[in-house]
Amino acid sequence: MKPRILLVNPAIYDFAAYDFWLKPYGMLSAAGQLRGKAEFLLFDYLDRLHSFYSGRSGVSDTPNPKFEISDRWGRGRFFNEKITNPPCLQKIPRFFRRFGLPRELFRQFLESNEACDFVFVATTMTYWYPGVQEVIEDVRKAWPAAKIVLGGNYVTLCQSHAEKLNADFLVIGRELEPLWKYVGIEPDTNQPALWEAYPKLKAGVLKLSDGCPFNCTYCSVPKVYGGFRPRPLERVLNEFELLVKLGAENIAFYDDALLFDAEHVLIPFLKEVIKQRNKGTDVNFHTPNALNARFITKEVAELMVAAGFKTFFIGFESASAQWQEKTGGKVYSSELKDAAGFLQRAGVSGENITVYQILGHPFGDIQELEDSMRFANSLGVRGMLADFSPVPGTPDGDYCSRWVDLNEPLMHNKTAFPIILMGFDETNRLKDLQRKLNRTIDNPPQAS
Ligand code: SF4
């Protein structure tokens, strides 16, 4: 008999969360490699297409259908409930919430299904661990014999903390061999992610590569995923076809270095997609993980647009040369200017190009954030302040131990840290300024 595996994507405990094409891609990819060799069930607390929203789940809370509504690119709000701030975040003057399907729904799900042999739980942000804890408690109670497996960023970055959560097995980093041994199944590494586990799918995820060749001092990617490794094109194209077949209208790329070595990785993929587009396949692509402006050439911009890329997010962080040098020299101001120009000339409007800039970085004194925001705005593109999260094990994250206790993952919270470092008023002032600048892009002044 095939082993039975439940896949769980936990609820989020945070001040803010938004469905920016969030899918538990690491877990779905691991499960895909076991396709046909195990029986799968999926419970995704963050699935906005779940029957809960149409009132068919049997849970007494009346869901507000507004949480099912998506914007034109398939993003939207999660169902959420206001809860008390955890004691260590009491002083943060913002409402703490639980985002995702009600806990009661998961308990009913466990009761109404025969126990599985394994429960895989995805973890993402380190400070979202209370959602993981909640899943473990409920599984232990309902299915005491099930083996609980945790994998993902939180367990990799905070292993000793995760070891205390009462799971049976932790998958650290990207190495899956120990997992295959633990479940006793030989994987098929050519298989795409297990997208068919969703009863209904409108948004999906693809990755052309893993890891990143850069080493920015504030980023967890080099630690969690290591160096840059492209995935075989054929495998990516199979996964793309599967997503299209299942009904995905929007696909987000989770690559951390989507444009690196574009000649051998992205461009061949784009050319294939353009061929399929000419035969009628119509999918919107998005790049929520920051693109490196340095690699946006005229050719890349034109091919991306022709293949169906609709939203472009670019990492910039600061216009200060001193800050750029100190944190890894990922991208310089002139490179951002060129990239914005290439994209705009390829037909992308400024409102669909967003430049990320870090808010609350510990070297904020040399970041000259306000000047950087105005610089990005002068290029006719939107800005988005990306709240800084002190990631343990990174040079900049560890430096923050002078302000927060990094042993408590809740203190890595990205809404909290800028407020702790810069104060509530300054944080709000900069966010207001960003909103004001963005209005000039979304509603440009009309010529009289
Ligand atoms: S911030 Fe981006 S470029 Fe820098 S190491 Fe992380 S993923 Fe790579």
Side-chain angles (χ1 to χ4, degrees), residues 20-22 25-26 29 124-126 152-154 156-157 173-174 205-231 252-262 264-266 286-297 300 304 309 311-336 338-340 353-364 366-367 369 372 376 383-400 412 414 417-418:
F20 223 77
W21 310 289
L22 281 190
Y25 191 54
S29 299
T124 317
M125 297 298 177
T126 57
N153 282 8
Y154 158 66
T156 302
L157 293 166
R174 62 187 193 206
V205 171
L206 277 180
K207 248 182 141 181
L208 299 186
S209 62
D210 295 290
C212 178
F214 289 89
N215 234 321
C216 302
T217 53
Y218 45 84
C219 177
S220 64
V221 169
K223 191 171 158 79
V224 178
Y225 298 101
F228 179 80
R229 282 157 306 123
R231 294 180 168 196
F253 282 84
Y254 274 14
D255 294 70
D256 294 300
L258 182 65
L259 306 183
F260 188 72
D261 196 14
H264 298 107
V265 186
L266 178 65
H286 309 278
T287 63
N289 282 2
L291 297 172
N292 188 321
R294 183 171 300 168
F295 302 121
I296 300 180
T297 60
V300 164
M304 287 177 89
F309 278 73
T311 62
F312 295 80
F313 293 83
I314 304 176
F316 181 53
E317 326 306 359
S318 169
S320 153
Q322 198 189 352
W323 195 90
Q324 289 163 353
E325 287 296 346
K326 192 170 166 111
T327 58
K330 182 173 77 175
V331 62
Y332 298 104
S333 307
S334 58
E335 294 168 328
L336 178 67
D338 290 346
I353 305 172
T354 303
V355 170
Y356 288 128
Q357 298 190 301
I358 296 185
L359 175 73
H361 187 277
F363 307 142
I366 56 163
Q367 188 187 5
L369 181 58
S372 308
M384 187 184 281
L385 293 177
D387 297 320
F388 178 76
S389 164
V391 180
T394 63
D396 297 359
D398 289 341
Y399 181 76
C400 295
H412 312 161
K414 71 181 177 61
F417 188 77

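Please read these numbers as outputs of a predicted model, since none were measured by experiment. Remember, it's 1-based here, ligands and their atoms both numbered in the order they're listed.
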Peer 1: Could you list the atoms of ligand 1 found under 4.0 angstrom from a heavy atom of Asp256?
Peer 2: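 Counting atoms of ligand 1 from 1, those under 4.0 Å from Asp256 are 7 (S).
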Peer 1: Do the side chain of Asp256 and the main chain of Cys212 share a donor and acceptor less than 3.5 angstrom apart?
Peer 2: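 Looks like no, no N/O pair under 3.5 Å.
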Peer 1: Go through the side-chain N and O atoms of Ser389 and His412 and say whether any donor and acceptor fall under 3.5 Å apart.
Peer 2: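 Not at all, the side chains of Ser389 and His412 share no donor-acceptor pair under 3.5 Å.
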Peer 1: Has Cys212 got an N, O or S atom lying less than 2.8 Å from atom 6 (Fe) of ligand 1?
Peer 2: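 Looking at Cys212, which is the residue asked about, there is no N, O or S atom under 2.8 Å from atom 6 (Fe) of ligand 1.
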Peer 1: Give me the one residue out of Asp387, Thr217, Asp396 that meets side-chain hydrogen bond (donor to acceptor under 3.5 Å, both in side chains) with His361.
Peer 2: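 Of all the options given, the one that passes is Asp396.
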Peer 1: For Cys216, take its heavy atoms, then give the atoms of ligand 1 lying under 4.0 Å from any of them.
Peer 2: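 Per the distance check, 1 (S), 3 (S), 4 (Fe), 5 (S).
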Peer 1: When rounded to the nearest 0.5 angstrom, what distance separates CG in Leu266 from CG in Leu291?
Peer 2: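 Going from the CG atom of Leu266 to the CG atom of Leu291 covers 9.0 Å.
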